[in-house]
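Labels below follow one simple rule: chain letters A, B, ... track the order of the sequence lines, proteins then strands, and each chain is numbered from 1.
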Amino acid sequence: MLWMYAKVFLVGGFICLLGQLLIIKTNITSSRILVLFVCIGAVLEGLGLYQPIIDWAGAGATVPIVGFGRSLAKGAIEAVREQGLLGVFTGGLTATSGGIAAAVVFAFIMALIFNSKTKKF
Amino acid sequence: MSKKIGKQTIAFRNKPSVIGFYSVAGMKEGEGNFKDYFQMILEDDLLGENTFEHAERRLFELAIKNAIKESGCKDEDIGLLISGDLLNQIVTANYAARSFNIPLLGLYGACSTMAESLAVGAALVDGGHYNNVACCTGSHFSSAERQYRFPLELGNQRPPTSQWTVTGSGCTIISNKPSKIKVVNATFGKVIDYGISDVNNMGAAMAPAAMSTIIAHLKDTKTNVEDYDLILTGDLGKLGSEILMDLMEHEGYKLGQNYNDCGQMMFADRQKTFQGASGAGCSAIVLNSYVFQKMLKGEYKRVLFCATGALLSTTTVQQGDTIPCICHAVELSVEE
Amino acid sequence: MDIEERNKKYNEYVQAKIPKTKNFPTLIYAFVVGGLICCIGQGIMDLLMLIFPTMSVESATAWMLIVIIFVASLLTGLGIYDRIGVFAGAGSIVPITGFSNSITSPAVEFKREGIIFGLCAKMFTVAGPVIVNGVAVSIVIGLIYLFL
């Protein structure tokens with residue numbers, strides 16, 4: 001149990017550390033980091049390399065945005081096997097629809113409730 | 001006698017004077033190094049308005065109204081309001097002017113607007129066209145941030161070369177009536193671009209413009225760096241100031257103890273603003289509080305105020321253009 | 001001196017002049033905060049599977065993501081997430097909570113320009129490229145698998 005959480009912590013932390021390293025070295029914006037990591041996740045899944053990481057580290061690999069890219073690719077691959085060409089188009093977004101819909105609807109609700117505030121630091 | 005001296009400088013032979021000044025500073029600025037000098041420090045940077053753009057307008061209104069009051073004039077005594085800000089179509093200056101029964105001359109010089117408006121105002125008074133003019137500029141951290149950078153709530157880190165846009169507004173009343181502080185001459189700067197494209201390193205982009213204008217001023221007026229009690233740049237920040245000193249030294253001018261930068265001085269280290277302050281409000285509130293107060297006390301007799309501005313827009317940045325910059329200098333002196 | 005050469009020299013000089021900040025602590029902060037967010041995710045998953053023993057790992061993962069997306073969105077609205085971000089950097093950008101933050105923050109920010117053209121239109125200013133690129137890559141991968 002504790003070992004599982006240690007693995008989650010190490011893998012999740014390591015992925016974030018890579019992101020921070022990129023920020024420091026290249027002054028990259030957060031938007032570009034997210035794009036890059038999603039693409040990396042999708043490519044790793046395409047090569048069949050990401051599932052083993054998830055099996056080993058659970059949420060440590062699914063919570064980082066890399067996991068989102070992996071879901072897109074996994075959805076596309078599975079849908080292609082079932083539906084052929086149509087799956088190429090439907091697969092990716094179907095697999096990630098939960099996350100996107102949640103992000104959109106919660107963003108909408110929060111925006112109705114809250115106003116933006118000035119940064120203190 | 002010609003009113004133009006040298007290549008870029010215009011002299012004000014009738015010596016227009018500063019008869020009133022006022023600064024309004026935001027909360028963070030009010031905790032910084034100049035907290036004892038600002039005439040007004042905000043407790044709420046929305047000023048009870050719904051949007052930051054509205055709040056910025058209120059800042060302008062407060063600064064203009066109080067500066068006029070301070071000068072002992074009435075609204076109708078002011079012939080012209082010369083004003084500008086950082087937002088697209090200089091909306092803050094334009095919309096704030098609705099509240100006053102004064103003609104408006106809108107300017108855009110990015111963060112150099114304070115020096116630009118002072119120079120234009122002093123020229124108009126010197127020429128006898130107006131008796132009194134009000135020169136105002138300012139900026140608001142939150143409205144600038146959402147126009148130039150990212151949404152306020154986005155959880156990103158600011159790069160170590162970045163600066164913090166000042167929330168604040170300053171207004172100066174220039175008049176042909178006698179007073180202690182005189183506007184002696186002004187040097188309008190050329191647009192200078194040394195090929196910096198990093199929007200998070202404005203200090204480095206603007207330093208060459210500051211160098212160009214300061215050197216032009218010194219040459220035109222046949223003065224030396226040592227002749228001034230204070231040479232004050234607008235918002236180069238810590239890094240930009242160091243670069244300016246290097247550049248000046250390379251050209252054979254040594255900026256010493258009498259040189260400083262508003263952006264560098266504004267915040268205390270504990271306020272975590274990296275290179276310091278920036279924005280049109282930065283030089284405006286420092287000039288209209290600290291500098292003028294010190295001049296009235298006689299601690300500074302001759303000041304060269306050089307506000308620097310980066311003339312970029314979000315579109316030019318996204319299209320990969322480098323950042324053109326400008327610096328205008330105004331020489332102020334105390335005469336009994 | 002040639003202007004291009006002057007600019008090149010100046011850029012090199014500025015690069016050398018930029019202060020070398022202590023980067024090491026931010027790497028640690030990113031590691032720890034990122035790791036903790038993932039652990040919270042794992043905790044939610046374990047809790048879900050404890051309450052609903054029949055739930056598959058896939059469904060638990062999906063639910064867990066929705067929960068942390070909600071929490072990040074709420075913290076963004078409350079103005080807390082950006083403070084975590086200042087401290088943690090990539091530690092709070094790279095997890096899916098950062099994706100949620102990047103959608104909620106423009107929505108909250110641009111509400112003042114109206115619901116349709118402000119809130120809704122600007123919602124994807126930061127996260128839009130993520131979805132566009134993600135979908136594009138997934139389609140390419142799908143096509144590759146189609147012909148394999």
Side-chain angles (χ1 to χ4, degrees), chain A residues 4-5 8-10 12-17 19-21 23-24 30-31 33-35 37-39 42-43 46 58-60 62-65 67-69 72-73 75-77 79-80 84-85 87-89 91-93 98-100 102-104 106-108 110-111 113-117 119 121, chain C residues 23 26-27 30-39 41-42 45 61-62 64-66 68-70 73-74 76-79 82-83 86 89-91 93-96 98-100 102-104 107-109 111 119-120 123 126-127 129-131 133-135 137-139 141-146:
Chain A
M4 183 63 203
Y5 278 85
V8 171
F9 185 81
L10 285 176
F14 180 71
I15 295 172
C16 294
L17 185 129
Q20 185 67 17
L21 209 58
I23 292 183
I24 291 170
S30 61
S31 207
I33 290 204
L34 292 177
V35 168
F37 275 46
V38 161
C39 294
V43 171
T62 52
V63 169
I65 195 80
F68 183 77
L72 280 165
I77 293 166
V80 163
L85 185 60
V88 172
F89 292 97
L93 280 178
I100 295 176
V104 169
F106 295 140
F108 191 86
M110 296 307 160
I113 301 173
F114 298 105
N115 289 318
S116 62
K117 289 165 275 292
K119 283 190 185 202
F121 51 86
Chain C
N23 290 325
T26 64
L27 289 173
F31 183 84
V32 172
V33 174
L36 280 177
I37 292 174
C38 295
C39 283
Q42 186 71 32
M45 264 175 82
T61 305
M64 174 271 286
L65 291 178
I66 290 172
I68 60 172
I69 283 171
F70 170 75
S73 190
L74 181 67
T76 305
L78 290 169
D82 61 323
R83 296 189 189 185
V86 168
I93 293 172
V94 171
I96 195 97
F99 177 72
S100 173
S102 73
I103 292 180
T104 306
V108 173
E109 176 78 56
K111 180 175 80 169
L119 193 166
C120 299
M123 195 181 262
V126 183
V130 180
I131 295 175
N133 284 282
V135 169
V137 174
S138 81
I139 285 180
I141 290 170
L143 281 174
I144 294 170
Y145 270 78
L146 187 67

- request: Check C/Lys111 against A/Ala111 and note the closest heavy-atom contact, atom names and distance.
  value: CD-O, 2.6 Å

- prompt: How many angstroms lie between atom NZ of A/Lys117 and atom CG of C/Asp82, to the nearest 0.5 angstrom?
  reply: 9.0 Å

statement: Scanning both residues in full, the closest heavy-atom pair of C/Cys38 with A/Gly60 reads CB-CA, 3.8 Å

query: Measuring heavy-atom distances to chain C, does A/Val38 have an atom under 4.5 Å in its side chain, in its backbone, in both, or in neither?
result: side chain

query: Okay, side chain of A/Gln20, backbone of C/Ala90: is any donor-acceptor separation there less than 3.5 Å?
result: yes

query: Taking all non-hydrogen atoms of both residues, which atom of C/Ala107 and which atom of A/Ala107 are closest, and how far apart?
result: CB-O, 4.0 Å

statement: Under 4.5 Å to a heavy atom of chain C? For A/Ile33 that would be side chain

- request: Heavy-atom pairs under 4.5 Å with chain C are the metric here; pick the option from A/Pro64, A/Gly19, A/Gly12 that has the most.
  value: A/Pro64

Reference residue A/Phe106; test side chain to side chain contact (heavy atoms under 4.5 Å, CB included); the match among C/Ile66, C/Thr104, C/Leu74, C/Thr76: C/Ile66

message: Which atoms of C/Leu146 are under 4.5 Å from chain A, going by heavy atoms: the side chain, the backbone, both sets, or neither?
response: both

query: Can you say whether the rings of C/Phe31 and A/Phe9 are parallel (under 30°), tilted (30 to 60°) or perpendicular (over 60°)?
result: perpendicular

Partners meeting side-chain hydrogen bond (donor to acceptor under 3.5 Å, both in side chains) with A/Ser30 (sequence neighbours left out): none

Under 4.5 Å from any heavy atom of chain C - which part of A/Leu93: side chain

Contact class of A/Phe37 relative to chain C, heavy atoms under 4.5 angstrom: side chain

query: Between the side chain of C/Tyr145 and the main-chain N/O of A/Gly46, is any donor-acceptor distance below 3.5 Å?
result: yes

- prompt: Looking only at heavy atoms, what is the nearest atom pair of A/Ala59 and C/Gln42, with distance?
  reply: N-OE1, 2.7 Å

- prompt: So do A/Val63 and C/Ile37 actually touch side chain to side chain, heavy atoms under 4.5 Å?
  reply: yes

field: Sidechain-backbone polar pair: A/Ser116 side chain, C/Val108 backbone, donor-acceptor under 3.5 Å
entry: no

message: Checking A/Phe14 now: which residues fulfil ring-ring contact (aromatic ring centres under 6.0 Å, His included) with it, not counting sequence neighbours?
response: none

- prompt: In this structure, which one of C/Val135, C/Ile139, C/Ile131, C/Ile141 forms a side chain to side chain contact (heavy atoms under 4.5 Å, CB included) with A/Leu72?
  reply: C/Val135

